[in-house]
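Input: a single structure, listed below in structure tokens.
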Amino acid sequence: MMLRVALAWQKKRVGRMRMPSTAARAVHSLKDENCPILISPSLVSLDLPDIWNPNSHEFPSAHKCSNKQNAAIIDGKSMAEEIMSRIAFEVKRMKESIGKVPGLAVIMVGQRRDSQTYVRNKIKACEEAGIKSMMTELPDDCKEDEVLNALSRFNEDPSVHGILVQLPLPQHLDEAKILDVLSLEKDVDGFHPLNMGNLALRGREPLFIPCTPKGCIELLIRSGVEIMGKRAVVIGRSNIVGLPTSLLLQRHHATVSIIHAFTKNPEQITCEADIVITAAGVPNLVRGNWLKPGAIVIDVGTNPIEDPSCEHGYRLRGDVFYEEAVRVASLITPVPGGVGPMTIAMLLSNTLDSAKRAYDFT
């Protein structure tokens, strides 16, 4: 009994001895009015560009690749065509019923080749589905007000139900400010902060899910892939693809890891994944020995490679070293012909949904 009392007294005494030191530090810090309460930095101050160095991730093969192709090809083009035919049917039904059609407006700044490819394909798809399309093109060095003015005009146009600001924008433009101006009800790309926030929160439903992540999930589901409980790795963390894809996979109950340019040993983490979705923007970054045998690979990368023999002077290459990956994976998307067509189908699906809401059409 005496021993317990003595130990308790000693513990209390030690506590008392420490208190003045802590209190003294607090009082001292309060004397400096400029001293912040917390020392952790703002999140924006932590933002660094993801500059990939694929050569730094080369390593000896962890397993032998088969000499033959094992992977089945996920035909995103045919899946997208099926969805597009359903969209065209609904657009036709809307026109016959109420005399209205969905409208999609595109704002494109600059001359990025991958952006040009996407926009060209989107406009063509709109024409085929009977959706009215309009586009504003601005030069690389345009002023921010020019983009905001174009955006405001489309916001106020009742015949426009979807507005697409083709990303990424040139560095001198404030992407966040521009997207904040975009009408939430017309944000068919799903990049508005409220749409992204609702995507992240369980129990919430965004008005629109970003098109590429939505297309990736649609490809997986239509290919018979069970997402729940699977280990998924997303390579790249952009606001356009990587971040929303990781959030969407979590909503589908996958266990998700994100690989970025500062990740140590990315190949080892990727090797454990059942599902790999890559959107780093680095051609041939993911080699065959990054993949677990039987993994499912969705390649979002569309990297232009100079090729004078091609119609537009270049060809598209994915983030995945396709010739190696097909020998290891069980399912894989090609580039082109995989995620790209499905992304466009999701964009038109979102635009149709927006028009239905605007006209209260069911």
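Owing to the predicted nature of the structure, the values given are computational and were not obtained by experimental measurement.
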| Under the ring-ring contact (aromatic ring centres under 6.0 Å, His included) test, which residues partner Phe89, sequence neighbours left out? |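 ring-ring contact (aromatic ring centres under 6.0 Å, His included) list for Phe89, sorted by chain: empty.
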Would the number of heavy atoms belonging to other residues, nucleotides or ligands and lying under 6.0 Å from [atom1] of [X] be above 12?
| X | atom1 | value |
| --- | --- | --- |
| Arg357 | CZ | yes |
| Lys100 | NZ | no |
| Arg231 | CZ | no |
| Arg204 | CZ | no |

If only atom types and distance count, is the side chain of [X] paired as donor or acceptor with the main-chain N or O of [Y] below 3.5 Å?
| X | Y | answer |
| --- | --- | --- |
| Asp157 | Arg153 | no |
| Ser238 | Val241 | yes |
| Asp187 | Ser183 | no |
| Asp189 | Pro210 | no |
| His252 | Ala254 | no |
| Gln166 | Met108 | no |
| Ser349 | Ala345 | no |
| Asp307 | Gly313 | no |
| Lys230 | Val256 | no |
| Ser97 | Met94 | no |

Quick one: pull up [atom1] in [X] and [atom2] in [Y] and give me the separation to the nearest 0.5 Å.
| X | Y | atom1 | atom2 | result |
| --- | --- | --- | --- | --- |
| Asp180 | Glu175 | CG | CD | 10.5 Å |
| Ile123 | Leu104 | CD1 | CG | 6.5 Å |
| Ile344 | Glu128 | CD1 | CD | 9.5 Å |
| Leu148 | Leu182 | CG | CG | 11.0 Å |
| Leu243 | Asn239 | CG | CG | 6.0 Å |
| Cys216 | Ile298 | SG | CD1 | 6.0 Å |

| query | Would Thr333 and Val297 count as a side chain to side chain contact (heavy atoms under 4.5 Å, CB included) if you check the C-alpha gap in whole Å, the side-chain angles of each, and the deciding distance to 0.1 Å? | reply | CA-CA 7 Å; Thr333 57; Val297 180; 5.8 Å; no
Write down the atom of [X], the atom of [Y], and the distance for their closest heavy-atom approach.
| X | Y | result |
| --- | --- | --- |
| Leu219 | Gly338 | CD1-O, 4.1 Å |
| Met228 | Glu226 | CB-OE2, 3.4 Å |
| Cys142 | Leu173 | O-CD2, 3.9 Å |
| Phe154 | Thr136 | CZ-OG1, 3.4 Å |
| Ile83 | Met346 | CD1-CE, 3.7 Å |
| Leu348 | Ala129 | CD2-CB, 3.9 Å |

| Is it true that the side chains of Asn303 and Asp319 contain a donor and an acceptor less than 3.5 Å apart? |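 Yes - a donor-acceptor pair under 3.5 Å links their side chains.
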| query | If you look only at pairs with a residue in residues 205-232, which of them pass as a ring pair (Phe, Tyr, Trp, His ring centres under 6.0 Å), with sequence neighbours excluded? | reply |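 Of all non-adjacent pairs touching residues 205-232, none passes ring pair (Phe, Tyr, Trp, His ring centres under 6.0 Å).
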If you group Ile, Leu, Val, Met, Phe, Trp and Tyr by side-chain heavy-atom gaps below 4.5 Å, do [X] and [Y] land in one group?
| X | Y | result |
| --- | --- | --- |
| Val282 | Ile240 | no |
| Val91 | Val106 | yes |
| Val339 | Tyr322 | no |
| Met342 | Ile332 | no |
| Val300 | Leu164 | yes |

SB check [X] [Y] (cutoff 4.0 Å):
| X | Y | result |
| --- | --- | --- |
| Glu146 | Lys143 | no |
| Arg315 | Glu306 | no |
| Arg287 | Glu267 | no |

Would you say that [X] contacts [Y] through its side chain, given a criterion of any heavy-atom pair below 4.5 Å between the two side chains?
| X | Y | value |
| --- | --- | --- |
| Met79 | Pro341 | no |
| Pro308 | Tyr314 | no |
| Val276 | Leu291 | yes |
| Pro244 | Leu199 | yes |
| Val147 | Val109 | yes |
| Met196 | His192 | no |
| Leu179 | Leu167 | yes |
| Ile227 | Ile217 | yes |

| message | Test side chain to side chain contact (heavy atoms under 4.5 Å, CB included) on Val225 and Ile275; report intermediate values, then the result. | response | CA-CA 9 Å; Val225 176; Ile275 300 169; 4.1 Å; yes
| task | Verify side chain to side chain contact (heavy atoms under 4.5 Å, CB included) between Glu96 and Lys92, making sure each step is shown before the conclusion. | result | CA-CA 6 Å; Glu96 292 173 349; Lys92 182 180 178 184; 3.2 Å; yes
| side chain to side chain donor-acceptor pair (under 3.5 Å) partner of Asn350, the single match among Lys186, Lys214, His161 | Lys214
| Verdict with supporting geometry, Glu144 and Lys177, salt bridge (charged side-chain N to carboxylate O under 4.0 Å, His left out) | CA-CA 9 Å; Glu144 195 168 278; Lys177 180 181 177 182; 3.2 Å; yes
| field | Partner residues of Thr343 under the side-chain hydrogen bond (donor to acceptor under 3.5 Å, both in side chains) criterion, sequence neighbours left out | value |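 In terms of side-chain hydrogen bond (donor to acceptor under 3.5 Å, both in side chains), with neighbours along the sequence ignored, Thr343 is linked to Thr212.
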| task | Would you sort out whether Lys132 and Ser159 count as a side chain to side chain donor-acceptor pair (under 3.5 Å), showing the intermediate values? | result | CA-CA 9 Å; Lys132 182 180 74 173; Ser159 70; 2.7 Å; yes
| Over-ring placement of Arg317 relative to Phe321, 6.0 Å and 45° cut-offs | yes
| task | List the steps and the verdict of side chain to side chain contact (heavy atoms under 4.5 Å, CB included) for Ile235 and Ile277. | result | CA-CA 6 Å; Ile235 303 177; Ile277 300 181; over 6 Å; no
